[in-house]
Undergrad: 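Just dropping this structure here.
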2 protein chains.
Amino acid sequence: MKPEGAFRSNRATRPRPTLSGVEHMPARERAYHDLRYRILTGRLAPGTTLLETELAALLSLSRTPVREAAIKLAEEGLVSIRARHGITVRDLSLRDVAEILDVFSALEIRAVALVARRGLSRAEHEHLANLLDRMERHTASGDIGRWSDLDDDFHSSMVSLCGNGRLQHTLGEYWGQQFRARMLVLPLRPSPHQSDREHREILAAVHARDEEAARAAHLRHRARADAQQLALLKSRLPPGAPDKTDEEETA
Amino acid sequence: MKPEGAFRSNRATRPRPTLSGVEHMPARERAYHDLRYRILTGRLAPGTTLLETELAALLSLSRTPVREAAIKLAEEGLVSIRARHGITVRDLSLRDVAEILDVFSALEIRAVALVARRGLSRAEHEHLANLLDRMERHTASGDIGRWSDLDDDFHSSMVSLCGNGRLQHTLGEYWGQQFRARMLVLPLRPSPHQSDREHREILAAVHARDEEAARAAHLRHRARADAQQLALLKSRLPPGAPDKTDEEETA
DNA sequence: CCCGATATCTATGTATACATTATCGGGCTT
DNA sequence: AAGCCCGATAATGTATACATAGATATCGGG
């Protein structure tokens, strides 16, 4: 999916849609990662409904670990469990995406502020600056896919430096949902010159250890980028978008 | 614990440490609420370690629902599960509290901004203003306990009006942890005149539908209040505080 | 022909049985 | 005497069996 960031960055808090070292995990984790992977890559399409039994059969496991995995996915917002109606891969309505981006960006802004407070080591700064360099090259060459991967890496690397484990953990839980939304609009995305500029601004503020400036810069960045993403989605979905107003989190 | 807010406010997203309508819940939920209650009220003290079997016996249930409840509590940060070593009620180090407050306030600030964007109905504004009135009376009479309950109600009522279900849900998950931290410093807390003033400011900005002002006001409020809380904790814990630097979320 | 009550069937929720594996203690070796 | 290895023990992880409750379909009545 991406070039596997130079240093440890974020593997732990942000389980990417990859299925590498899944061999000797407990079954529950295998089930979780497997299903998550299938959902994020679209192999399990939104709307797909499966019973616990069917999932168990699909993964060649018993219901117990599959059930626990499903509960975790539900709390993560990727599926919804309706008792006696099975486990359904959630569809992302416009409203859902708005909610997700709101939470995600609020947390990310705080993370960036913390990084600014803490400051960057030379290596960290170079890593981040290097990411921005590469992104700008991809912007120039119009390779929006690679740009997007690096964008994600930039944001995630920032977060991984914030020093707040809970913040990272919760951001990780929202990452999957945000990823799906991102994939929806990727092909529609215009040239990200503006984002590139904003990233430089953010990095500069963080590097200067100016917490307020960093917070403000990242707030502006996310506000603009999120609004753009929503606008693109709105222009794309409406055709036959049911935009289900289903309330109630899976809890 | 508190006077049961005038309108629906928040019961759903913020499971208070109360054990009222637990009768006809599924066993897993009973277990979850029961254990959560015991932890938040201190009946299960930090450091207490129990095996799945022991918990099951304690609650007169089989391991299955108890286990699922324990996993949920672990994801909520109230206990940590160490395979083959049992389920331990987490202790709150200074660092833990700092992490929790960071996440909690970041989310709450966003929630308040959303409420400001959305605006308040007449009834909603009156409810909130009424809470502030009562808080100020308790400040005057020095009843810090009642003040704290209303403070929590004010913040939670705000959140319940933000219109973002996921935001409410995640805040609810952090509420328990935040509650524990709050209880630790309650007796040490000085007269909350400053908070009262800030609350008025926040409510005014929200009522005026000035999103930026509301965000800024709430940010200031939380930054100051959180710093104060941490300072109080620091002055209290150090005596014999191990301040475990145990990293690694339960995940 | 439609509506409603009931019975059956099935998916989940819970309990229990079984397998796996880490930990702890004892005994052996050096 | 100290350290290591091995095995017994026990706790978790997983599978399965059982109970419950909800949904559907059928049958009878209006």
Side-chain angles (χ1 to χ4, degrees), chain A residues 15 19 21-38 44 47-90 246 248-251, chain B residues 15 19 21-37 39 44 47-90 246 248-251:
Chain A
L19 219 50
V22 182
E23 292 75 35
H24 299 297
M25 285 182 171
R28 161 178 33 119
E29 303 243 313
R30 273 209 312 278
Y32 167 75
H33 287 291
D34 190 340
L35 292 175
R36 189 172 192 274
Y37 176 76
R38 295 189 197 215
L44 272 178
T48 308
T49 293
L50 293 167
L51 301 173
E52 286 184 1
T53 316
E54 297 175 311
L55 276 179
L58 180 65
L59 305 177
S60 305
L61 293 168
S62 73
R63 276 177 52 217
T64 311
V66 168
R67 180 183 163 81
E68 288 177 1
I71 290 173
K72 196 167 174 185
L73 288 169
E75 300 207 338
E76 212 173 308
L78 292 179
V79 305
S80 71
I81 300 176
R82 292 177 312 159
R84 292 168 200 289
H85 287 267
I87 292 143
T88 303
V89 180
R90 291 186 70 164
D246 59 72
E248 287 313 294
E249 203 73 347
T250 55
Chain B
L19 219 49
V22 181
E23 292 75 35
H24 298 297
M25 285 181 172
R28 161 178 34 120
E29 303 243 313
R30 273 208 313 278
Y32 168 74
H33 287 291
D34 191 340
L35 292 174
R36 190 173 192 272
Y37 176 76
I39 293 169
L44 273 178
T48 308
T49 294
L50 293 166
L51 300 172
E52 286 184 2
T53 315
E54 297 174 312
L55 277 179
L58 180 65
L59 305 177
S60 305
L61 292 169
S62 73
R63 275 178 54 218
T64 312
V66 168
R67 181 182 161 81
E68 288 177 0
I71 290 173
K72 196 166 173 188
L73 288 169
E75 300 208 336
E76 210 173 308
L78 293 179
V79 305
S80 72
I81 300 175
R82 291 178 312 161
R84 288 165 206 290
H85 287 267
I87 292 142
T88 303
V89 180
R90 292 186 70 164
D246 58 76
E248 285 314 294
E249 204 71 347
T250 55

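In what follows, chains carry the letters A, B, and so on, assigned in the order in which the sequence lines appear, proteins first and then strands, with residues in each chain numbered from 1.
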Undergrad: To the nearest angstrom, how far is B:Leu50 atom CG from D:dA11 atom C1'?
TA: 14 Å
Undergrad: For A:Thr88, enumerate each residue passing the side chain to side chain donor-acceptor pair (under 3.5 Å) test, keeping only those at least two apart in sequence or located in another chain.
TA: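 A:Thr88 satisfies side chain to side chain donor-acceptor pair (under 3.5 Å) with A:Thr49 once adjacent residues are dropped.
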Undergrad: Checking the side chain of B:Arg90 only, and the main-chain atoms of B:Ser80 only, is there a donor and an acceptor separated by less than 3.5 Å?
TA: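 No, B:Arg90 side chain to B:Ser80 backbone: no donor-acceptor pair under 3.5 Å.
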Undergrad: For A:Glu52 and D:dA15, what is the distance between atoms CD and C1' respectively, to the nearest whole Å?
TA: 14 Å
Undergrad: What integer distance in Å separates A:Ile81:CD1 from C:dA11:P?
TA: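 About 16 Å, once rounded to whole Å.
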Undergrad: Listed by chain and number, what are the side chain to side chain donor-acceptor pair (under 3.5 Å) partners of B:Arg28, not counting sequence neighbours?
TA: B:Glu68
Undergrad: Roughly how many Å is it from CG in B:Leu51 to P in D:dT9, rounded to a whole number?
TA: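 Between P of D:dT9 and CG of B:Leu51: 18 Å.
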Undergrad: May I have all residue pairs that pass salt bridge (Lys or Arg N to Asp or Glu O under 4.0 Å) and include part of residues 48-60 of chain A, sequence neighbours excluded?
TA: A:Glu52-A:Arg63, A:Glu52-A:Arg67
Undergrad: Detail all sub-3.5 Å separations between protein N/O atoms and N/O atoms belonging to nucleotides 21-25 of chain D.
TA:
none

Undergrad: With side chains defined as the heavy atoms from C-beta onward, is the minimum distance between A:Lys72 and B:Glu75 less than 4.5 Å?
TA: yes
Undergrad: Which residues in residues 56-68 of chain B have a heavy atom closer than 4.0 Å to any atom of DNA chain C?
TA: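 Correct list: B:Leu61, B:Ser62, B:Arg63, B:Thr64, B:Pro65.
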Undergrad: Check the distance between D:dT14's P and B:Ile71's CD1 and give it to me in whole angstrom.
TA: 10 Å
Undergrad: Between the protein and nucleotides 5-8 of chain D, list every N/O to N/O distance that falls short of 3.5 Å.
TA:
none

Undergrad: Return the pairing partner of D:dG30 with a 3.5 Å limit on both distances, Watson-Crick or G-U wobble; otherwise return none.
TA: C:dC1
Undergrad: If you round to the nearest 0.5 Å, how far is OG1 of A:Thr48 from CZ of A:Arg38?
TA: 11.5 Å
Undergrad: Measure from CD1 on A:Ile87 to P on C:dT12 and round the result to the nearest Å.
TA: 6 Å
Undergrad: Given B:Leu44, which of B:Val79, B:Ile39, B:Asp34 fulfils the side chain to side chain contact (heavy atoms under 4.5 Å, CB included) condition?
TA: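 Testing each of B:Val79, B:Ile39, B:Asp34 against B:Leu44, the sole residue satisfying side chain to side chain contact (heavy atoms under 4.5 Å, CB included) is B:Ile39.
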